[in-house]
Amino acid sequence: MQQEKILTFDDTDRETAAQLLEKYWVIRDREPELYQQIREREQMLRNYFFDKCGFYLLVHKDFAKLEKIPDQAESWMGFSELEKPRDYALLCCLLAYLENKSIDEQFLLSDLCEALPVLYPVNDETDDSEINWESYEWRRTLVRVLSFACDQAILSRVDGEIGGFSGSQEQEVLFEVPSLSRYFLRSYPKDLFQYADKNELIQAERADDENQKTGRTRRNRIYRQLLLTPSYDKGEAQEDDFLYLRNRRNRLLDDIAAHTLFAFELYEQVAMLTLPEKRVFATVFPDQRAVSDVLLHFARYVRATVEDGVNVPTTEGRVILTPAEFERLLLLCKEQTDHGWSKEVRTWSLAKLSQQVLQELVEWKFAHIEEETGMVCLRPSLARAVGQYPKDYRQGVDGHGNE
C-alpha cells in the first residue's frame with residue numbers, strides 16, 4: 001500500500017500556524033508582518049487546519065482569524081479579562097447594540113447605558129438582576145466589557161476615559177464602530193436561539209459526519225483536544241480514540257512535528273503536545289508565576305507518594321483525594337519545599353494556598369473536582385510536570401543564607 005506523503009511546513013509556516021492557534025485573531029493594523037505571513041500561506045494553512053481540525057481560516061482585508069471550536073467546552077476557555085457570566089451577557093448586548101449602528105458611526109456612553117437595560121436578558125436562575133448603573137458593581141462590569149471590546153478592536157474609543165465610569169455614571173466617553181465589530185462572533189448554521197445549550201451548539205459542528213467513531217469527525221475531535229487543551233485523558237476520551245492514537249502514533253508524531261512547533265507525547269493514560277522551545281507568544285506551563293513552582297513541587301511530592309505506595313492510582317491513573325487529604329498533602333509538600341518559594345506565597349494561609357493551587361491544577365487539567373462527591377481527582381498528566389531543586393540548592397541556601 002502506498003504511504004500517504006506528508007507535506008511539511010517550513011519554520012515560518014509552523015510559527016505562523018502556532019500564532020493562529022494562540023491568538024483569537026490577528027489584526028492587520030496591529031500585526032502587519034504576521035498578517036502578511038498568513039496571507040502568503042493562506043491556502044496551505046486553511047487546508048491543513050480544516051482537514052485535521054475542521055477549523056475555518058478567515059482572511060479578511062483587516063484581520064485573519066482561525067475559528068477554533070473545542071470538542072469539549074471547558075470552564076477555563078473564556079476570556080481572562082471577563083470575570084463573571086454577566087460580563088459575557090453584557091458583551092453580547094454591546095455587540096447587538098453595535099449591530100444596529102453603521103460602520104464608523106459614533107455614539108456616546110450615555111446612549112449605550114440607556115440602550116443596554118432594554119437588551120439585557122434577566123435570568124431568574126442566576127444572581128443577576130436588572131442593570132442598575134447606580135450600582136458600583138454594574139459600572140465595573142461595563143468598564144471591564146468596554147475595555148475588553150477596545151482591546152479586541154471591536155470598539156474604538158475616540159474621546160474620554162472608560163475607567164472613569166466606575167467612579168461616576170456621569171462620565172462621558174465617545175466611541176466609534178469599527179468594521180471588526182461585525183466579525184467578532186462567528187456565524188452558525190441556524191439562529192442561536194434554536195440551540196438548547198452549549199453542547200448542542202458544539203454538536204452542530206459534527207452534523208455533517210454521521211459516523212462519530214471513524215473518519216473525519218474522529219480525526220477532528222482528537223486534533224482539537226490535542227491542540228486546544230493541555231492534555232487528553234483516556235478517561236475522558238470517546239471509545240477507541242486512544243486505540244486510534246496508539247495505532248497512528250508514528251503518523252501523528254511526524255504530522256505534528258511537520259506542521260506545528262509541538263512534540264506529540266503518548267502515554268498509557270494520557271496524550272499531550274509539549275513545546276520543546278519556549279515562545280514569547282505562547283501560553284505554557286510552567287510560566288514565570290510563583291504558583292507554577294508550587295505546582296511543580298506538589299507534582300513531584302504526589303509522584304513520590306505513589307512510588308512509595310502511600311497513594312494508589314485508579315486503573316485510569318488518577319489519584320482520588322478528599323479535600324482534607326489534598327490539603328494535608330499540600331501541607332506536607334510545603335513543609336519540605338517552601339524554603340525556595342516566593343516570599344508572597346510563603347505567607348499565604350494553608351486555605352488560600354490550597355485554593356490557588358487547586359484552581360491552577362484544574363485550569364491546566366492536572367486535576368478536576370468530581371461534581372457529585374467533591375473529591376479532588378489528580379489526573380495522570382500531573383506526573384509529566386514535576387520539578388525539584390538542584391542537589392546543591394539547599395546547601396547554597398544554608399551556606400549563604402540566600403532565599
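In what follows, every heavy atom counts, from backbone to side chain, and hydrogens, waters and symmetry copies are set aside. Values in this document were obtained by computation on a predicted structure and should not be read as measured data.
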Rounded to the nearest 0.5 Å, what separates atom CH2 in W138 from atom CD1 in I131? 4.5 Å

Measure the CZ-CD1 distance between R144 and I162 for me, rounded to the nearest 0.5 Å. 13.5 Å

How many angstroms lie between CD in E327 and CG in L358, if you round to the nearest 0.5 Å? 10.0 Å

Between R182 and L98, is there a donor-acceptor pair closer than 3.5 Å when you use the side chain of the first and the backbone of the second? yes

Tell me yes or no: between the side chains of Y232 and D71, is some donor less than 3.5 Å from an acceptor? no

Is there a donor-acceptor pair under 3.5 Å between the side chain of K68 and the backbone N or O of K23? yes

In terms of side-chain geometry, is the basic nitrogen of R14 or D11 positioned less than 4.0 Å from the acidic oxygen of its partner? yes

Between R248 and D255, does at least one N-O distance fall below 4.0 Å, as a salt bridge requires? no

Is it the case that more than 12 heavy atoms not belonging to R328 sit under 6.0 Å from its CZ atom? no

Please determine whether a side-chain nitrogen of the Lys or Arg among D338 and R346 lies less than 4.0 Å from a carboxylate oxygen of the Asp or Glu. no

Side-chain donor/acceptor of D87 to backbone N/O of E83, under 3.5 Å: yes

Taking S147 for the side chain and V143 for the main chain, is one N or O donor matched with an acceptor at less than 3.5 Å? yes

With a 6.0 Å cut-off (strictly less than), is the heavy-atom count around CD of E22, excluding the residue itself, greater than 12? yes

Quick one: are E236 and H368 in side-chain contact, heavy atoms under 4.5 Å? no

Got more than 12 heavy atoms from elsewhere within 6.0 Å of CD, E307? yes

Plane angle bin for Y389 and H297 - parallel if under 30°, tilted between 30 and 60°, otherwise perpendicular: tilted

Going through the checks in order, is the salt bridge (charged side-chain N to carboxylate O under 4.0 Å, His left out) test met by R318 and D233? CA-CA 10 Å; R318 300 177 177 183; D233 275 21; 3.7 Å; yes

With salt bridge (charged side-chain N to carboxylate O under 4.0 Å, His left out) as the criterion, how do E137 and R86 come out once you've worked through the C-alpha distance, each side chain's angles and the decisive distance to 0.1 Å? CA-CA 11 Å; E137 287 301 320; R86 70 162 57 165; 5.5 Å; no

Specify whether F79 and F148 have parallel, tilted or perpendicular ring planes, treating 30° as the upper limit for parallel and 60° as the lower limit for perpendicular. tilted

Can you say whether the rings of H259 and Y48 are parallel (under 30°), tilted (30 to 60°) or perpendicular (over 60°)? parallel

Got a donor-acceptor contact below 3.5 angstrom from the S102 side chain to the E105 backbone? no

If we ignore hydrogens and angles and just use 3.5 Å, is the side chain of Q171 paired with the main-chain N or O of S168 as donor and acceptor? no

Can the ring centroids of F50 and Y56 be said to lie less than 6.0 angstrom from one another? yes

Between Y24 and F184, ring centroids under 6.0 Å: yes

Expected output: side-chain R139 to main-chain W133 donor-acceptor under 3.5 Å: yes

Nearest-0.5 Å distance that lies between atom CZ in R140 and atom OG in S135: 12.0 Å

